[in-house]
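Just so we're on the same page: letters track the sequence lines, and every chain starts at 1.
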Amino acid sequence: VPPPVRFLLPGLHLPADLTIAGLMASEQAVSRGARDGTSADRAAQDDALIARAVEGDGEAREALVRHYLGDVYATTARVLSDRQLAEDAAQDAFMNALNNLHRFRRDASFRTWLLRIALNAAYSVGRRHGRRREVGLAIVEDVADERPDAAAEAVTRAESRRVDTLLERLPPKQRLAVTLRAQQGLSYQEIAAAMECTEGAARVNYHLGVKRLRELML
Amino acid sequence: MNGMDGMNCETVRDILPEHVRGELDGTANAGVEAHLAHCTECGTEAALVVLLARTRPVAPAGLEARIVGAVRTPKPRRVMWIPSRAAMAAAAAGVLLTGGLLLRQAGEPESAVPQVSLVEEAVLHGALTWMAEPLLSGGPALHELSLDELEALLMELES
């Protein structure tokens, strides 16, 4: 029987009876609930929305913002570590993407293309406002959660936030690779396209980041 | 570690994010679960990936409305300026005249050199040998490398 999670991650104050299986099952249930359809469904929906948006359909443009705001904001927030700047960069990203939809060549998914634009927007905003802040501000907000065990969940969430703080201490490329992979679920191929690097570099940056995080938690 | 489940640590760690999001098919899912049941190292990483997955930055309330308001109407595309026939004829004459003069000054063009793409050139010089072979084939798994070794590998990949 695998040991409780708090023995695996002794640096965190996790509930005594929290197991990997329990933690995993809970997260999988929430992720499945949040997903609407397969990636093929998603691509087909995107294609239809993009075709309408290119023609100037306001509702289609709005739908694309709604579908991808979470991904775009999570990316700009992680690069900039500043809520206001991350919001500005997210807006710039959507403006740039939606006004240049006719240039989207479909050699990557729309999501990957959009995240590449979001990264550029974040770097650009970062340059305009001086270097990235060393100490990350509160970019993670509490969200309503439907998990059954509220007390244990509150503790776990608090510890998740600590892990998130440690993420801020990773070098930028590792932080971004870990964010895109573990928090946004991108494949190495998609990370490579978004970060404009090789798939090998994306994979190594991710593993290096996770390894460092584990060391920081000891 | 290569357990009875048939999956080794590297494979499991590579697909942990998909496992955490419940995106794996039944066989792969069962393989990862069987591996996590006996491998504490991968179990530790799995717990870390779950905790990370829970703290994705969430867009603040009001941001969606702000962006939707800004992008709902497309920015008009710039209309390309089309010059008159006379202007085009004058420009073409200018280009031909200047080009002729420059060619005369430069003399005969150099003999044609076979064009080799940058990638082909890099492979020829061994810079991208890792692309020709599977990354790290036969070598240690990524998770077995130390931080220093991973950093060295990364520098090689980025150089």
Side-chain angles (χ1 to χ4, degrees), chain A residues 2-3 5 8-9 12 20-21 23-24 27-29 31-32 56 58 61-62 65-66 69-70 73-74 77-78 83 86-87 90-91 94-95 98-99 139-141 143 156-157 159-161 163-164 167 178 181-185 197-198 200-201 203-205 207-208 210-215 217, chain B residues 10 13-14 16-23 29 32-33 36-64 66-68 70-75 77 128 130-131 135-136 142-143 145-147 150-151 153-154 156-158:
Chain A
V5 182
L8 299 175
L9 298 170
L12 301 177
I20 288 288
L23 192 62
M24 199 67 81
E27 191 58 35
Q28 286 176 342
S31 291
R32 284 197 190 105
R61 294 165 72 86
E62 189 177 331
V65 172
R66 267 202 314 275
L69 179 59
Y73 179 77
R78 189 61 71 202
R83 184 172 152 171
E87 288 186 27
Q91 178 167 336
F94 278 110
M95 294 287 282
L98 294 178
N99 287 329
I139 52 170
V140 178
E141 298 200 335
V143 283
T156 312
R157 185 161 289 282
E159 292 310 296
S160 289
R161 221 175 277 127
V163 174
D164 198 78
L167 193 56
V178 171
R181 180 95 184 106
Q183 296 192 320
Q184 306 206 40
C197 66
T198 64
R203 178 177 266 113
V204 174
N205 268 313
H207 283 284
L208 203 48
V210 169
K211 206 158 203 165
R212 261 191 218 285
L213 274 180
R214 284 181 62 176
E215 286 189 353
M217 280 195 299
Chain B
E10 188 173 29
R13 290 182 197 189
D14 249 7
L16 272 178
E18 281 78 15
H19 179 63
V20 167
R21 294 160 66 90
E23 292 173 351
N29 201 49
V32 174
E33 278 175 8
L36 293 181
H38 66 78
C39 179
T40 50
E41 280 296 305
C42 288
T44 306
E45 186 153 325
L48 179 58
V49 173
V50 175
L51 294 175
L52 282 168
R54 290 178 172 210
T55 51
R56 177 177 128 131
V58 177
L63 180 59
E64 183 180 304
R66 171 184 151 188
I67 295 179
V68 163
V71 305
R72 208 172 150 80
T73 312
K75 195 173 122 189
R77 298 255 290 275
L128 294 176
W130 64 270
M131 284 179 83
L135 182 64
L136 297 174
L142 280 179
H143 70 269
L145 299 176
S146 68
L147 284 176
L150 277 168
E151 272 171 349
L153 175 63
L154 188 60
E156 198 179 308
L157 283 166
E158 289 182 337

**Study point:** Closest contact, heavy atoms only, A:L23 versus B:A47
**Key:** CD2-CA, 4.1 Å

Check your understanding: Is any side-chain heavy atom of A:V65 less than 4.5 Å from a side-chain heavy atom of B:R72?
Key -> no

**Study point:** Verdict with supporting geometry, B:R13 and A:V210, side chain to side chain contact (heavy atoms under 4.5 Å, CB included)
**Key:** CA-CA 10 Å; B:R13 290 182 197 189; A:V210 169; over 6 Å; no

Point to revise | Value rounded to 0.5 Å, distance of CD in A:Q183 from CZ in B:R54 | key: 12.5 Å

Point to revise | Side-chain donor/acceptor of A:E62 to backbone N/O of B:V68, under 3.5 Å | key: no

Exercise for review: Could you check B:V20, B:N29, B:V50 and say which one makes a side-chain contact (heavy atoms from CB on, under 4.5 Å) with A:Q28?
Suggested key: B:N29

**Study point:** Toward chain B, the part of A:Q184 with a non-hydrogen atom under 4.5 Å
**Key:** both

**Study point:** Pairs of heavy atoms under 4.5 Å with chain B: top-ranked of A:N205, A:L98, A:V5
**Key:** A:N205

Practice item. Please step through side chain to side chain contact (heavy atoms under 4.5 Å, CB included) for the pair A:R214 and B:E41, ending with a clear verdict. Key: CA-CA 11 Å; A:R214 284 181 62 176; B:E41 280 296 305; 2.8 Å; yes

**Study point:** For A:M95 against B:A70, the heavy-atom pair lying closest together
**Key:** SD-O, 3.5 Å

**Study point:** Salt-bridge contact A:K211-B:E45 (side-chain N to carboxylate O under 4.0 Å)
**Key:** no

Check your understanding: How many angstroms lie between CG in B:L63 and CG in A:L69, if you round to the nearest 0.5 Å?
Key -> 5.0 Å

Practice item. Can you see which heavy atom on A:E87 is nearest to which on B:P60, and at what distance? Key: OE2-CG, 3.3 Å

Review point. Which atom pair, heavy atoms only, marks the closest approach of A:G70 to B:R56?
Key: C-NH2, 3.1 Å

Point to revise | Top of A:V178, A:L167, A:I20 for chain B proximity - count of heavy-atom pairs under 4.5 angstrom | key: A:I20

Review point. Minimum heavy-atom separation for A:A182 to B:V49, with atom names?
Key: CB-CG1, 4.3 Å

Review point. So what's closer than 4.5 Å to chain B heavy atoms on A:A90: side chain, backbone, both or neither?
Key: both

**Study point:** Minimum heavy-atom distance between A:R61 and B:V71, given as atom pair plus value
**Key:** NE-O, 2.6 Å

Check your understanding: When rounded to the nearest 0.5 angstrom, what is the spacing between CG in B:L51 and CE in A:M217?
Key -> 7.0 Å

**Study point:** Backbone N/O of A:G185 and side chain of B:E18: donor-acceptor pair under 3.5 Å
**Key:** no

